[in-house]
Enquirer: 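Attaching a single structure in structure tokens format; questions to follow.
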Amino acid sequence: MEQSDNGNSIISSGVFNHNVGKYLSVQENSLQNRDAFWSEHARIIDWYSTWTKVLDDSKKPFYKWFKDGKLNVSYNCVDRHLKNNRRNKAAFIWIGENGEEKIVTYQGLYRRVNAFARTLLDSGLGKGDCITIYMPMIIETVVAMLAAARIGVVFTLVFSGFGSDALAERIRDSNSKLLITADGGFRNGKIVDLKKIADEALDKASDIETVIVYKRTGHDIDMKEGRDFWWDKIVKDDFLPVPPEVMDSSDPLYILYTSGTTGKPKGIVHGSGGYSVWVANTLKWAFDPGEDDRWWCAADIGWVTGHSYIVFAPLLLGLTSILYEGSILYPDPSRMWQIVERYGVNQLYTSPTAIRSLMRHGNHYPDACDLSSLKVLGTVGEPINPAAWEWFYKVIGKGRCPVIDTYWQTETGGFIISPSVNLGLPNLKPGSATFPMPSVEPYVLSEEGSPTRNGEKGFLCVKGTWPGMMLTINNDPSRYMDVYFSRFPGYYYSGDYAIQDEEGYFWLLGRADEVLKVSGHRLGTIEIEDALVSVDGIAEAAVFGKPDAVKGDAIVAFVVLREGHHRTPDFVTQTKKIIRESLGPITVPDEIHVVNNLPKTRSGKIMRRVLKAIYLNQVPGDISTLESGATVEEIKEAMDLFRKQNKDLL
Ligand code: WT7
């Protein structure tokens with residue numbers, strides 16, 4: 001270990017910087033000879049017919065990768081592996097929270113996907129329709145995703161920790177006709193009542209005609225005659241293959257909703273060809289998993305990490321993936337290390353929050369397990385603090401395994417900035433995602449849109465495009481243009497702060513907008529505020545994130561009550577309960593404070609950052625430029641007024 005000029009420790013070892021020259025030449029080639037580069041790398045998947053153009057940017061930013069190329073993603077994930085010796089290879093090793101184990105081979109996955117695709121066809125679905133999947137972390141969830149892709153049906157998978165309003169909103173926006181769910185799921189030893197939540201959502205989103213229910217927990221649930229069908233009853237075992245639908249490269253594969261700066265989540269649409277090429281190549285570049293390796297992406301399947309790196313990328317590469325159903329702290333904090341030992345995991349990909357929460361429990365849990373199978377470690381979701389990085393690197397990797405800090409977003413489809421084991425690792429610096437993936441051109445721009453000097457904080461933007469880029473926002477192409485491409489013309493705007501150091505390394509510094517990262521989950525402050533003001537008695541609400549040692553951001557809410565309403569003794573408990581049912585447990589504020597008034601601009605906009613500064617007892621610093629539309633004087637006024645009006649409450 002040595003210190004770099006700017007005080008960051010650098011892991012300097014022959015293992016980690018042996019071939020960075022290859023990375024540089026590949027990166028340069030990808031930029032200089034983009035079309036030839038992607039023509040070659042698109043061969044990582046099988047095409048029914050190839051493209052007429054590698055990139056059609058005539059309607060940018062609505063890019064078309066591999067124009068007119070034809071493929072089927074489900075075929076690429078499953079069928080093609082049956083033609084070689086991957087046929088009997090484990091596609092998934094599934095581990096239930098209660099310790100159950102199921103191994104599904106590529107052949108087994110093929111049978112299941114076909115059988116379920118048949119069921120979907122029999123339900124009257126066809127190319128272009130949309131379905132919603134609200135399932136726990138089980139094999140059938142993957143089967144449902146692949147079966148939809150097989151017949152050209154677009155799916156939207158809703159995180160099983162979301163509540164009924166969040167589910168209803170996604171069913172409505174995606175115009176889904178069919179819902180796939182389970183009676184329940186296991187989480188921390190308890191049952192999550194998925195069917196009950198789904199029933200509540202369906203009372204609000206009435207277009208669903210058919211619900212398919214997988215029996216996971218076996219507890220009692222209501223089944224609505226004529227609408228609800230048990231998976232096991234309607235999926236036929238008499239095997240009749242379903243030919244994969246020939247899809248265009250730019251046909252949508254899925255819609256995944258993510259939070260932005262308004263109350264309405266954005267339905268990020270990912271395509272078929274470019275997305276598949278991107279996730280398969282980036283997994284190979286970054287982690288370099290071998291044919292006989294065991295890959296474990298310990299994310300939730302309901303977020304983009306799970307879509308891209310539990311399901312699509314590993315299956316496209318024909319790997320063996322671990323799928324773990326439950327909480328990594330259940331039944332105790334040795335769960336993750338026991339899985340690594342028992343299944344000989346070679347690459348482990350998780351989040352800074354998970355690392356911090358396991359780290360808190362001490363070294364004796366990992367030290368009691370044999371972790372020698374590990375070759376590469378990875379993180380995603382939030383900036384990783386150097387202490388967590390070092391712990392992961394030393395205590396888990398024993399100083400042998402590089403830590404791959406992958407930076408990306410729901411919108412980007414796959415990694416866009418990440419060290420690359422396959423192409424040659426640079427010296428790693430804890431907390432830096434290092435360098436861009438081939439073909440990605442990131443810039444740190446100032447408020448005015450000019451590139452910042454090294455070491456200066458700015459907004460992370462990307463010039464041009466790459467194959468994994470989203471196609472659009474569902475039902476809202478103009479929002480796609482506004483949110484991502486209007487602020488800095490010619491660039492994709494990520495919404496993150498970053499710096500680039502003297503050696504060109506990228507450091508991601510967190511969100512620059514009203515988006516929180518709570519345990520790596522992306523939540524919009526306005527979504528939570530909207531839910532709060534729908535609680536009877538709450539007139540106004542302001543939400544911000546306070547720094548939390550484990551979760552990254554912890555949610556703090558300030559609310560103003562309606563005229564005539566008083567704070568009852570159970571107000572906070574009741575409000576939290578309502579938010580839990582409506583949006584889900586991860587969105588429940590840690591703290592809810594009742595105040596007389598909120599700080600606002602003269603035009604009435606709530607100043608969340610001012611509130612946060614007051615709460616954290618900070619001088620508002622650069623708030624004046626960030627609190628849109630407010631002058632320094634106005635901010636001072638608002639702070640004074642807030643303090644005066646809430647004197648007795650703070
Ligand atoms: C936001 C995207 C990408 C899969 C999971 C999250 C933050 C993500 C990193 C990283 C610092 C990171 C950013 C980004 N983020 N990875 N390695 N270092 N920050 O996807 O829910 O769309 O969230 O997560 O703030 O914008 P997401």
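We count ligands from 1, going down the list as the structure has it; atoms in each ligand are counted the same way.
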Enquirer: So is there a nitrogen or oxygen of Thr406 less than 3.5 Å from a nitrogen or oxygen in ligand 1?
Expert: yes

Enquirer: Heavy-atom contact under 4.0 Å between Gly381 and ligand 1?
Expert: yes

Enquirer: Taking the side chain as every heavy atom from C-beta outward, state whether Trp65 and Tyr275 have any atom pair closer than 4.5 Å.
Expert: no

Enquirer: With side chain to side chain donor-acceptor pair (under 3.5 Å) as the test, pick out the partner of Glu382 among Arg522, Lys517, Arg356.
Expert: Arg356

Enquirer: Please identify each residue that fulfils side-chain hydrogen bond (donor to acceptor under 3.5 Å, both in side chains) with Ser357, with sequence neighbours left out.
Expert: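 Here no residue qualifies.
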
Enquirer: Considering heavy atoms of the protein only, find what lies nearest to atom 5 (C) of ligand 1 and give residue, atom and distance to 0.1 Å.
Expert: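 The closest heavy atom on the protein side is Thr305 OG1, 3.2 Å.
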
Enquirer: Among Lys517, His307, Glu382, His521, which one puts a heavy atom closest to atom 6 (C) of ligand 1?
Expert: Lys517

Enquirer: So which protein heavy atom does atom 14 (C) of ligand 1 come closest to, and at what separation?
Expert: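 Looking at atom 14 (C) of ligand 1, the protein heavy atom closest to it is Asp496 OD2, 3.1 Å.
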
Enquirer: Suppose I only count heavy atoms of Leu508 and a 4.0 Å limit; which atoms of ligand 1 are within that range?
Expert: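 By the 4.0 Å cutoff, the relevant atoms are 11 (C), 18 (N).
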
Enquirer: Does NZ or CZ of Lys429 lie under 6.0 Å from the centre of the six-membered ring of Tyr505, at an angle within 45° of the ring axis?
Expert: yes

Enquirer: Are any of the N/O atoms in Gln409 less than 3.5 Å from those in ligand 1?
Expert: yes

Enquirer: What is the minimum heavy-atom distance between Thr141 and Pro136, and which atoms define it?
Expert: OG1-O, 2.7 Å

Enquirer: Do Arg511 and ligand 1 have an N or O pair less than 3.5 Å apart?
Expert: yes

Enquirer: Under 3.5 Å, N or O to N or O, is Thr410 touching ligand 1 that way?
Expert: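 It does: an N or O of Thr410 is found under 3.5 Å from an N or O of ligand 1.
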
Enquirer: Out of all atoms in ligand 1, which are within 4.0 Å of some heavy atom of Arg522? Include the element for each.
Expert: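 Ligand 1 atoms under the 4.0 Å threshold to Arg522: 2 (C), 21 (O), 22 (O), 23 (O), 27 (P).
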
Enquirer: Name the one of Trp296, Tyr349, Tyr309 that satisfies ring-ring contact (aromatic ring centres under 6.0 Å, His included) with Phe287?
Expert: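 The ring-ring contact (aromatic ring centres under 6.0 Å, His included) with Phe287 is passed solely by Tyr349 among Trp296, Tyr349, Tyr309.
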
Enquirer: Taking 4.0 Å as the limit for heavy-atom contacts, which would you say applies to Pro383 with ligand 1: side chain only, backbone only, both, or neither?
Expert: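 Both the backbone and the side chain of Pro383 come within reach of ligand 1.
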
Enquirer: Any side chain to side chain donor-acceptor pair (under 3.5 Å) involving residues 460-472? Give me the pairs, sequence neighbours left out, ordered by first then second residue.
Expert: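 Checked against side chain to side chain donor-acceptor pair (under 3.5 Å) - neighbours excluded - no pair reaches residues 460-472.
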
Enquirer: Assess whether side chain to side chain donor-acceptor pair (under 3.5 Å) is satisfied between Thr262 and Arg479, documenting all intermediate values.
Expert: CA-CA 11 Å; Thr262 72; Arg479 189 170 174 200; 3.0 Å; yes

Enquirer: Is the closest heavy atom of Trp408 to ligand 1 under 4.0 Å?
Expert: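 Flag set, Trp408 near ligand 1.
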
